[in-house]
Amino acid sequence: MSADALPTLFVSHGAPTLPLENVPARQFLATLGDRYRNVHAILCVSAHWNTSRPAVNAVEAPETIHDFYGFPSELYRLRYDARGSPDLAGRVADLVHGAGLRCDLDRHRGLDHGAWVPLMLMFPNADVPVVQLSIQRHFDPAQHIALGAALSSLRDDGVLILGSGGAVHPLGYAAASLGEGAATDDWAYEFSGWLTDAVTRGERLSLVKYRERGPYAERAHPYPDHFMPLLVVFGAAGDKARGKLLHHSWYWGDLGMDAYAFDSDRP
(Lines give C-alpha, C1' and ligand atoms only; values in the text may rest on other atoms or scores of the structure.)
Protein backbone atom coordinates (compact mmCIF):
# COMPACT_ATOMS: atom_id res chain seq x y z
CA MET A 1 0.00 0.00 0.00
CA SER A 2 1.47 3.34 -1.05
CA ALA A 3 1.68 6.42 1.15
CA ASP A 4 -0.72 8.11 -1.29
CA ALA A 5 -3.47 5.52 -0.94
CA LEU A 6 -6.89 7.03 -0.37
CA PRO A 7 -8.56 6.56 2.99
CA THR A 8 -11.84 4.70 3.04
CA LEU A 9 -15.01 6.43 4.22
CA PHE A 10 -18.14 5.48 6.12
CA VAL A 11 -21.12 7.84 6.10
CA SER A 12 -24.57 7.60 7.62
CA HIS A 13 -27.20 8.33 4.99
CA GLY A 14 -30.24 8.72 7.25
CA ALA A 15 -33.66 8.85 5.59
CA PRO A 16 -34.13 9.18 1.81
CA THR A 17 -35.31 12.75 2.38
CA LEU A 18 -31.84 13.87 3.55
CA PRO A 19 -31.07 15.79 0.31
CA LEU A 20 -34.23 17.87 0.87
CA GLU A 21 -33.64 18.78 4.53
CA ASN A 22 -31.51 21.47 6.14
CA VAL A 23 -29.86 19.37 8.87
CA PRO A 24 -26.21 19.13 9.98
CA ALA A 25 -25.59 15.77 8.29
CA ARG A 26 -26.73 17.14 4.95
CA GLN A 27 -24.50 20.18 5.34
CA PHE A 28 -21.55 17.94 6.21
CA LEU A 29 -21.99 15.66 3.20
CA ALA A 30 -22.33 18.66 0.91
CA THR A 31 -18.77 19.69 1.86
CA LEU A 32 -17.18 16.25 2.27
CA GLY A 33 -16.93 15.64 -1.46
CA ASP A 34 -14.71 18.71 -1.85
CA ARG A 35 -11.87 16.72 -0.29
CA TYR A 36 -12.11 14.00 -2.96
CA ARG A 37 -12.58 15.87 -6.24
CA ASN A 38 -9.65 14.07 -7.86
CA VAL A 39 -10.79 10.48 -7.29
CA HIS A 40 -11.02 8.33 -10.40
CA ALA A 41 -14.06 6.28 -9.36
CA ILE A 42 -16.21 5.39 -6.37
CA LEU A 43 -16.98 1.92 -5.06
CA CYS A 44 -20.03 2.25 -2.82
CA VAL A 45 -21.05 -0.41 -0.31
CA SER A 46 -24.66 0.30 0.63
CA ALA A 47 -26.80 -1.15 3.39
CA HIS A 48 -29.64 -1.49 0.89
CA TRP A 49 -28.25 -4.15 -1.43
CA ASN A 50 -28.21 -7.50 0.35
CA THR A 51 -27.32 -10.69 -1.51
CA SER A 52 -26.45 -14.26 -0.55
CA ARG A 53 -22.85 -13.71 -1.77
CA PRO A 54 -20.95 -10.62 -2.95
CA ALA A 55 -22.23 -8.98 -6.11
CA VAL A 56 -21.09 -5.92 -8.03
CA ASN A 57 -23.07 -4.00 -10.63
CA ALA A 58 -21.39 -3.90 -14.03
CA VAL A 59 -23.62 -1.30 -15.68
CA GLU A 60 -22.66 1.51 -18.05
CA ALA A 61 -25.48 3.83 -16.95
CA PRO A 62 -26.97 2.73 -13.61
CA GLU A 63 -30.54 3.83 -12.98
CA THR A 64 -31.63 5.69 -9.85
CA ILE A 65 -33.58 3.20 -7.70
CA HIS A 66 -36.29 4.68 -5.47
CA ASP A 67 -36.37 1.77 -3.04
CA PHE A 68 -38.78 3.27 -0.48
CA TYR A 69 -42.40 4.27 -0.17
CA GLY A 70 -44.58 6.83 1.59
CA PHE A 71 -42.33 9.85 1.02
CA PRO A 72 -43.08 13.19 -0.70
CA SER A 73 -43.56 12.96 -4.47
CA GLU A 74 -40.63 15.28 -5.16
CA LEU A 75 -38.29 12.63 -3.78
CA TYR A 76 -39.28 10.19 -6.52
CA ARG A 77 -38.35 12.75 -9.16
CA LEU A 78 -34.73 12.92 -8.01
CA ARG A 79 -32.21 11.31 -10.34
CA TYR A 80 -28.52 10.68 -9.94
CA ASP A 81 -27.09 10.10 -13.39
CA ALA A 82 -23.51 9.10 -12.68
CA ARG A 83 -22.04 6.68 -15.16
CA GLY A 84 -20.98 3.22 -14.11
CA SER A 85 -17.75 1.36 -14.82
CA PRO A 86 -17.99 -2.26 -15.98
CA ASP A 87 -14.19 -2.34 -16.06
CA LEU A 88 -13.94 -1.43 -12.37
CA ALA A 89 -16.75 -3.87 -11.57
CA GLY A 90 -14.75 -6.62 -13.26
CA ARG A 91 -11.66 -5.73 -11.29
CA VAL A 92 -13.65 -5.77 -8.03
CA ALA A 93 -14.97 -9.24 -8.89
CA ASP A 94 -11.44 -10.46 -9.68
CA LEU A 95 -10.11 -9.15 -6.36
CA VAL A 96 -12.91 -10.82 -4.43
CA HIS A 97 -12.33 -14.07 -6.31
CA GLY A 98 -8.63 -13.78 -5.59
CA ALA A 99 -9.40 -13.68 -1.87
CA GLY A 100 -11.21 -17.01 -2.13
CA LEU A 101 -14.73 -15.56 -2.19
CA ARG A 102 -17.32 -15.79 -4.92
CA CYS A 103 -18.59 -12.63 -6.57
CA ASP A 104 -21.39 -12.16 -9.08
CA LEU A 105 -21.53 -9.54 -11.82
CA ASP A 106 -24.99 -7.96 -11.96
CA ARG A 107 -25.52 -6.32 -15.36
CA HIS A 108 -28.86 -4.69 -14.53
CA ARG A 109 -28.89 -3.22 -11.03
CA GLY A 110 -28.73 0.55 -10.59
CA LEU A 111 -27.94 2.64 -7.50
CA ASP A 112 -30.19 2.38 -4.45
CA HIS A 113 -30.80 5.31 -2.11
CA GLY A 114 -28.01 4.18 0.21
CA ALA A 115 -25.67 5.07 -2.65
CA TRP A 116 -27.29 8.02 -4.41
CA VAL A 117 -28.43 9.95 -1.32
CA PRO A 118 -24.90 10.65 -0.01
CA LEU A 119 -23.37 10.79 -3.51
CA MET A 120 -25.89 13.38 -4.66
CA LEU A 121 -24.63 15.61 -1.87
CA MET A 122 -20.93 14.75 -2.09
CA PHE A 123 -20.62 14.76 -5.89
CA PRO A 124 -23.61 16.78 -7.11
CA ASN A 125 -22.34 16.95 -10.70
CA ALA A 126 -22.43 13.13 -10.94
CA ASP A 127 -19.11 13.33 -12.78
CA VAL A 128 -17.33 10.41 -11.10
CA PRO A 129 -18.07 6.79 -12.15
CA VAL A 130 -19.87 4.77 -9.47
CA VAL A 131 -19.91 1.02 -8.91
CA GLN A 132 -21.92 -0.60 -6.13
CA LEU A 133 -20.98 -3.69 -4.10
CA SER A 134 -23.51 -5.67 -2.06
CA ILE A 135 -23.42 -6.74 1.55
CA GLN A 136 -24.36 -10.30 2.48
CA ARG A 137 -27.54 -11.54 4.13
CA HIS A 138 -25.66 -13.67 6.66
CA PHE A 139 -24.37 -10.43 8.24
CA ASP A 140 -21.17 -12.09 9.44
CA PRO A 141 -18.96 -9.23 10.70
CA ALA A 142 -15.64 -11.01 10.16
CA GLN A 143 -16.53 -11.96 6.59
CA HIS A 144 -17.45 -8.38 5.78
CA ILE A 145 -14.08 -7.20 7.06
CA ALA A 146 -12.46 -9.89 4.88
CA LEU A 147 -14.47 -8.67 1.90
CA GLY A 148 -13.12 -5.17 2.45
CA ALA A 149 -9.55 -6.43 2.85
CA ALA A 150 -9.76 -8.01 -0.61
CA LEU A 151 -10.41 -4.57 -2.10
CA SER A 152 -7.68 -2.61 -0.34
CA SER A 153 -5.43 -2.28 -3.41
CA LEU A 154 -8.08 -0.16 -5.17
CA ARG A 155 -7.11 2.71 -2.88
CA ASP A 156 -3.76 2.99 -4.67
CA ASP A 157 -5.53 3.63 -7.96
CA GLY A 158 -7.73 6.54 -6.98
CA VAL A 159 -10.83 4.52 -6.16
CA LEU A 160 -12.75 5.90 -3.18
CA ILE A 161 -14.27 3.05 -1.19
CA LEU A 162 -17.38 4.46 0.46
CA GLY A 163 -19.54 2.62 2.98
CA SER A 164 -23.08 3.97 3.40
CA GLY A 165 -25.19 2.84 6.34
CA GLY A 166 -25.99 4.22 9.77
CA ALA A 167 -23.87 4.62 12.90
CA VAL A 168 -27.03 4.20 14.96
CA HIS A 169 -29.95 2.79 12.98
CA PRO A 170 -32.72 1.53 15.30
CA LEU A 171 -35.40 0.88 12.68
CA GLY A 172 -37.08 -2.27 13.94
CA TYR A 173 -36.69 -1.37 17.62
CA ALA A 174 -40.23 -0.54 18.68
CA ALA A 175 -39.28 1.86 21.48
CA ALA A 176 -36.90 3.96 19.36
CA SER A 177 -37.46 7.72 19.38
CA LEU A 178 -37.88 8.55 15.69
CA GLY A 179 -39.48 11.45 13.86
CA GLU A 180 -39.04 15.13 13.20
CA GLY A 181 -38.23 16.90 16.47
CA ALA A 182 -37.85 13.64 18.43
CA ALA A 183 -35.38 13.53 21.33
CA THR A 184 -32.30 11.31 21.23
CA ASP A 185 -32.36 8.52 23.82
CA ASP A 186 -29.52 7.92 26.30
CA TRP A 187 -28.89 4.40 25.00
CA ALA A 188 -28.28 5.83 21.50
CA TYR A 189 -25.68 8.23 22.90
CA GLU A 190 -23.98 5.33 24.69
CA PHE A 191 -23.71 3.15 21.61
CA SER A 192 -22.54 6.07 19.49
CA GLY A 193 -19.79 6.92 21.98
CA TRP A 194 -18.69 3.30 22.20
CA LEU A 195 -18.56 2.97 18.42
CA THR A 196 -16.45 6.10 17.95
CA ASP A 197 -14.03 4.92 20.63
CA ALA A 198 -13.70 1.47 19.03
CA VAL A 199 -13.24 2.97 15.57
CA THR A 200 -10.62 5.52 16.59
CA ARG A 201 -8.67 2.91 18.53
CA GLY A 202 -8.85 0.47 15.63
CA GLU A 203 -10.35 -2.24 17.84
CA ARG A 204 -11.03 -4.88 15.21
CA LEU A 205 -12.23 -7.53 17.66
CA SER A 206 -14.64 -5.12 19.31
CA LEU A 207 -16.14 -4.24 15.93
CA VAL A 208 -16.44 -7.90 14.97
CA LYS A 209 -18.11 -8.63 18.30
CA TYR A 210 -20.16 -5.42 18.42
CA ARG A 211 -23.33 -7.34 19.28
CA GLU A 212 -21.73 -8.54 22.52
CA ARG A 213 -19.48 -5.59 23.35
CA GLY A 214 -21.41 -2.57 22.18
CA PRO A 215 -23.81 -1.14 24.80
CA TYR A 216 -27.41 -1.45 23.61
CA ALA A 217 -26.25 -2.88 20.26
CA GLU A 218 -29.53 -4.75 19.91
CA ARG A 219 -31.34 -1.39 20.01
CA ALA A 220 -28.85 0.54 17.91
CA HIS A 221 -28.86 -2.13 15.19
CA PRO A 222 -31.82 -4.51 15.58
CA TYR A 223 -31.22 -5.41 11.93
CA PRO A 224 -27.47 -5.41 11.14
CA ASP A 225 -27.58 -4.19 7.53
CA HIS A 226 -26.55 -0.60 8.29
CA PHE A 227 -23.49 -1.71 10.29
CA MET A 228 -21.99 -4.03 7.65
CA PRO A 229 -20.76 -1.26 5.28
CA LEU A 230 -18.67 0.16 8.14
CA LEU A 231 -16.96 -3.22 8.54
CA VAL A 232 -16.21 -3.47 4.82
CA VAL A 233 -14.49 -0.08 4.68
CA PHE A 234 -12.67 -0.84 7.94
CA GLY A 235 -11.28 -3.99 6.33
CA ALA A 236 -10.37 -2.14 3.14
CA ALA A 237 -8.25 0.32 5.14
CA GLY A 238 -5.67 -2.34 6.02
CA ASP A 239 -4.60 -4.57 8.88
CA LYS A 240 -3.80 -1.70 11.23
CA ALA A 241 -6.78 0.44 10.34
CA ARG A 242 -7.87 3.23 12.60
CA GLY A 243 -10.73 5.61 12.07
CA LYS A 244 -11.13 9.34 12.49
CA LEU A 245 -14.47 10.89 13.38
CA LEU A 246 -15.41 13.34 10.64
CA HIS A 247 -18.94 14.21 11.71
CA HIS A 248 -21.32 13.63 14.61
CA SER A 249 -24.99 14.58 14.68
CA TRP A 250 -28.46 13.16 15.24
CA TYR A 251 -31.37 13.03 12.83
CA TRP A 252 -34.99 12.31 13.63
CA GLY A 253 -34.12 11.46 17.25
CA ASP A 254 -32.20 8.20 17.42
CA LEU A 255 -30.67 8.07 13.94
CA GLY A 256 -26.93 8.53 14.49
CA MET A 257 -25.32 10.28 11.53
CA ASP A 258 -21.64 9.81 12.38
CA ALA A 259 -19.08 9.61 9.57
CA TYR A 260 -15.54 8.21 9.71
CA ALA A 261 -12.42 8.11 7.56
CA PHE A 262 -10.23 4.99 7.88
CA ASP A 263 -6.56 4.58 7.17
CA SER A 264 -3.74 2.30 8.32
CA ASP A 265 -1.30 3.30 11.02
CA ARG A 266 1.97 4.56 9.62
CA PRO A 267 5.30 4.80 11.50
Item to check | Donor-acceptor pair, side chain of S164 and main chain of G114, under 3.5 angstrom | outcome: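 Answer holds: yes.
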Checklist entry - So, the side chain of T51 versus the backbone of S134: is there a donor-acceptor pair under 3.5 Å, distance only? => result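 Pair absent, no side-chain N/O of T51 close to backbone of S134.
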Minimum heavy-atom separation for [X] to [Y], with atom names?
X    : Y    : answer
A183 : D254 : O-OD1, 3.9 Å
R137 : N50  : NH2-O, 3.3 Å
S206 : W194 : O-CH2, 3.6 Å
A241 : A237 : CB-CB, 3.6 Å
P224 : Y210 : CB-OH, 3.3 Å
L105 : A93  : CD2-CB, 4.1 Å

Qualifying salt bridge (charged side-chain N to carboxylate O under 4.0 Å, His left out) pairs, either residue in [range], two or more places apart:
range            : value
residues 42-60   : R53-D104
residues 77-96   : R91-D157
residues 173-195 : none
residues 106-123 : R109-D112

Is [Y] reachable from [X] through a run of I, L, V, M, F, W or Y residues, each pair having side-chain heavy atoms under 4.5 Å apart?
X    : Y    : answer
V159 : V128 : no
Y36  : F28  : yes
L29  : L160 : yes
L101 : V56  : yes
V45  : F262 : yes

Kindly indicate whether the side chain of [X], heavy atoms from C-beta on, has any atom under 4.5 Å from the side chain of [Y].
X    : Y    : value
P170 : L255 : yes
I161 : L9   : no
L121 : R26  : yes
H113 : F68  : yes
L195 : F227 : yes
L147 : V96  : yes
H248 : T196 : no
F234 : F10  : no

Checklist entry - Please walk me through it: do W250 and Y189 pass ring-ring contact (aromatic ring centres under 6.0 Å, His included)? => result CA-CA 10 Å; W250 298 94; Y189 283 114; 5.2 Å; yes
Next on the checklist: Using the side-chain contact (heavy atoms from CB on, under 4.5 Å) definition, which of the options V92, T8, V233 pairs with L151?
Outcome noted: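 Only match with L151 under side-chain contact (heavy atoms from CB on, under 4.5 Å): V92.
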Checklist entry - Between H13 and H48, how do the two ring planes meet: parallel, tilted or perpendicular, split at 30° and 60°? => result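 Judged by the thresholds at 30° and 60°, the geometry between H13 and H48 is tilted.
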Next on the checklist: Suppose the criterion is ring pair (Phe, Tyr, Trp, His ring centres under 6.0 Å): which pairs have a residue in residues 148-172, not counting sequence neighbours?
Outcome noted: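 Those involving residues 148-172 are H169-H226.
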Item to check | Set of residues satisfying ring-ring contact (aromatic ring centres under 6.0 Å, His included) with respect to Y173, sequence neighbours excluded | outcome: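 If we apply the ring-ring contact (aromatic ring centres under 6.0 Å, His included) test to Y173, skipping adjacent residues, the hits are W187.
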Item to check | Qualifying residues under ring-ring contact (aromatic ring centres under 6.0 Å, His included), relative to H138, sequence neighbours excluded | outcome: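 Here the qualifying residues are H144.
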Nearest 0.5 Å please: distance from the [atom1] atom of [X] over to the [atom2] atom of [Y].
X    : Y    : atom1 : atom2 : answer
H221 : L230 : NE2   : CG    : 8.0 Å
I145 : R204 : CD1   : CZ    : 5.0 Å
L207 : L231 : CG    : CG    : 6.5 Å
Q132 : S46  : CD    : OG    : 5.0 Å
I42  : L88  : CD1   : CG    : 10.5 Å
M228 : Q143 : CE    : CD    : 11.0 Å

Next on the checklist: Among residues at least two apart in sequence or on other chains, which ones pass side chain to side chain contact (heavy atoms under 4.5 Å, CB included) with P62?
Outcome noted: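 Testing P62 for side chain to side chain contact (heavy atoms under 4.5 Å, CB included), a comparison that skips the adjacent residues, returns N57, V59, L111.
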Item to check | Qualifying residues under side chain to side chain contact (heavy atoms under 4.5 Å, CB included), relative to P124, sequence neighbours excluded | outcome: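 P124 satisfies side chain to side chain contact (heavy atoms under 4.5 Å, CB included) with R37 once adjacent residues are dropped.
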Next on the checklist: Test of understanding: with side-chain hydrogen bond (donor to acceptor under 3.5 Å, both in side chains), list the residues that count as partners of S85, not counting sequence neighbours.
Outcome noted: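 S85: no side-chain hydrogen bond (donor to acceptor under 3.5 Å, both in side chains) contacts found.
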Checklist entry - What residues, two or more places apart in sequence or in another chain, satisfy side-chain hydrogen bond (donor to acceptor under 3.5 Å, both in side chains) together with R201? => result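 Here the qualifying residues are D197.
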Checklist entry - Going through the checks in order, is the ring-ring contact (aromatic ring centres under 6.0 Å, His included) test met by F139 and Y223? => result CA-CA 9 Å; F139 300 127; Y223 191 62; 5.2 Å; yes
Classify the side-chain pair [X]/[Y] by whether it contains a donor and acceptor separated by less than 3.5 Å.
X    : Y    : result
H247 : S249 : yes
S192 : D258 : yes
Y251 : T184 : no

Item to check | Pairs where residues 114-128 contributes a residue and the test side chain to side chain donor-acceptor pair (under 3.5 Å) is met, not counting sequence neighbours | outcome: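 Pairs touching residues 114-128 that pass the test: none.
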Checklist entry - How about D34: does its CG atom have over 12 heavy atoms from other parts shown lying under 6.0 Å from it? => result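 Above 12, so yes.
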Checklist entry - Is atom CZ of R102 surrounded by more than 12 heavy atoms (other residues, nucleotides or ligands) closer than 6.0 Å? => result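 12 or below, so no.
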Item to check | Steps toward side-chain contact (heavy atoms from CB on, under 4.5 Å) verdict (L95, L154) | outcome: CA-CA 9 Å; L95 289 171; L154 295 174; 3.8 Å; yes
Checklist entry - Ring centres of Y76 and F71 under 6.0 Å apart? => result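 No; F71 has its ring centre 6.0 Å or more from that of Y76.
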